[in-house]
2 protein chains.
Amino acid sequence: MSKGVRTRAAILEEALSLTSTDGLSGLTIGLLAERTGLSKSGLFAHFGSKEQLQVAVLRQAQECFTTHVIRPVLPLPRGLPRLEAFAEGWWAWNQSPPFPGGCPIQAASLELDDRPGPLRDEIAGAQRRLRTFIQQGAAMAVTAGHFRPDLDCTLFAFQMVGIAFAQTMTCRLLGEPEGLDFVRRAWHAQVTDAAAATHNQTGEISHVD
Amino acid sequence: MSKGVRTRAAILEEALSLTSTDGLSGLTIGLLAERTGLSKSGLFAHFGSKEQLQVAVLRQAQECFTTHVIRPVLPLPRGLPRLEAFAEGWWAWNQSPPFPGGCPIQAASLELDDRPGPLRDEIAGAQRRLRTFIQQGAAMAVTAGHFRPDLDCTLFAFQMVGIAFAQTMTCRLLGEPEGLDFVRRAWHAQVTDAAAATHNQTGEISHVD
DNA sequence: TTGACAATAGAACGATCGTTCGTTTATTTT
DNA sequence: AAAATAAACGAACGATCGTTCTATTGTCAA
């Protein structure tokens, strides 16, 4: 591993920390240079522009998420076991990610949702891939018979994303220790609903296995 | 209404627009002065510091939300009718708020969740009040017999907040037109669950009215 | 209409922003 | 070890940041 690559990695690690607490707009080249012990220009040369640095940080965050949350659950059996493990891993990630602040991608999702450009594209791509992963996980659970066959897997993913956001708000912004309980109970309710027999529009039971 | 108050109101309106697209950290005194046609120092004098300006913007956003979403549903009958109307109003607010970008408070909730100070306190207060409002609305629905008596109203509010965040991500970041459908279906599922008979831990029906 | 006061403008402050350039120091390859 | 290349530095750029002055303009009551 050559020097340049090593330095770049060190920069990105520090940049990820900084972004997690101060957001993508708080990520500043001067501050980052100071924290890494590099000169502004020396650091700058690694990325060419601030926007490219920001994109690199987002990529790094995704890779970090994949390593910590996605990859560990892939060996698990398809369907509910894998999905449950992923859920626990995701809640743990949101609760205390491997950097001082909250998940940078989640924060950036609301920070940049109205500013078109490469950054928003990167974040949107990340969120789309995550949703697809959840969706496919739910589909496997349907195939495995863990979930009811008429489950809308996209809606399932939508709801799961909602829980994750609500977790961040409750635990991180409001600082309520019981937030994680809400997460687990909301998730349990969602899984229960997905596993239950089909309901009609009035909410009455129309069929039970 | 004196001149100063009028100008201040005009500034805040423009500041709210700017914040909705560029976030609280993108709200800049120079840019705001340019857009309002004032000088930097003239504008500055109205608030005394940037932080006070930001606090004022957050207060303005809350008042705007109250006017557009909360107040209109208060005359409605307690319980499910009021709650449903509030939900529709909130989804509409998230879909197209009265400024060019997304809801500034929602965005700021993830932007500032790791930066203690008056700003975070203001946002946390806003989110706590909103959650309390939802919670009490659900409690009224329980009293009215619309919801099951053992419903956890705090959990209900938690889940509703999650839907709102997922809406913003889906509709605003990803730009998917069917996002609002997901919102309505997720909300319907939640209401159905809250109205349904009690479940035991295994998800089986233990009692039906 | 004048006098008191509020509101706004203008210029300047030091600090920091992202970026460029030429130079110097490390590292790698020959 | 020498030559070639990569990496990092230092200084400076113009722009903008939030903020502080003093001066000027405007508003409103007496």
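Since this is a predicted model, take the numbers as computed values, not measurements. Residue numbering restarts at 1 for every chain, and letters A, B, ... go by the order of the sequence lines.
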Is B/E34 salt-bridged to B/K40, going by a charged N under 4.0 Å from an acidic O? no
Given atom CG of B/L32 and atom C1' of D/dC17, what is their separation to the nearest angstrom? 14 Å
Between P on C/dT20 and CG on A/L43, what's the gap in Å once rounded to a whole number? 15 Å
Length of the line joining A/L53:CG and C/dT19:C1', which is rounded to integer Å: 13 Å
Identify whether any heavy atom of B/A45 sits under 4.0 Å from a base atom; if not, whether one sits that close to sugar-phosphate; answer base, sugar-phosphate or nothing. base
Name the orientation class of the two ring planes belonging to A/F86 and A/F133 (parallel below 30°, tilted from 30 to 60°, perpendicular beyond 60°). perpendicular
Here the distance between atom P of C/dT16 and atom NZ of A/K40, to the nearest Å, is 10 Å
Of the candidate nucleotides C/dA9, C/dC17, D/dT19, which contains the atom at the shortest distance from the side chain of B/L38? C/dA9
Protein-nucleotide distance (A/F47, atom CZ; D/dA7, atom P), rounded to Å: 12 Å
Can you tell me if the side-chain N/O atoms of A/H46 get under 4.0 Å from OP1 or OP2 in D/dA6? no
Closest nucleotide of DNA chain C for A/S2 versus for A/K50: which of these residues is on the 5' side? A/K50
Among the nucleotides C/dC21, C/dC17, C/dT19, which one has an atom lying closest to any side-chain atom of A/S41? C/dC21
In whole angstrom, give the distance that lies between atom CD1 of A/I29 and atom P of C/dT20. 10 Å
Taking only the side-chain heavy atoms of A/K3 (C-beta and beyond), determine which of D/dC9, C/dT8, C/dT27 contains the nearest atom. C/dT27
To the nearest Å, give me how far apart CZ (B/R8) and C1' (C/dA6) are. 15 Å
About how many Å separate CG of A/L43 and OG1 of A/T36, when rounded to the nearest 0.5 Å? 5.0 Å
Nearest to side-chain heavy atoms of B/R6, which nucleotide of C/dT8, D/dC28, C/dT19: D/dC28
Are any of the side-chain nitrogens in A/R148 or A/D193 under 4.0 Å away from the carboxylate oxygens of its partner? yes
So, is B/T28 close to the D/dC17 phosphate, meaning a side-chain N or O under 4.0 Å from OP1 or OP2? yes
Using atom CD of A/E51 as one end and atom C1' of C/dC17 as the other, report the distance to the nearest whole Å. 16 Å
Decide if the gap between the ring center of A/W93 and the ring center of A/F99 is smaller than 6.0 angstrom. yes
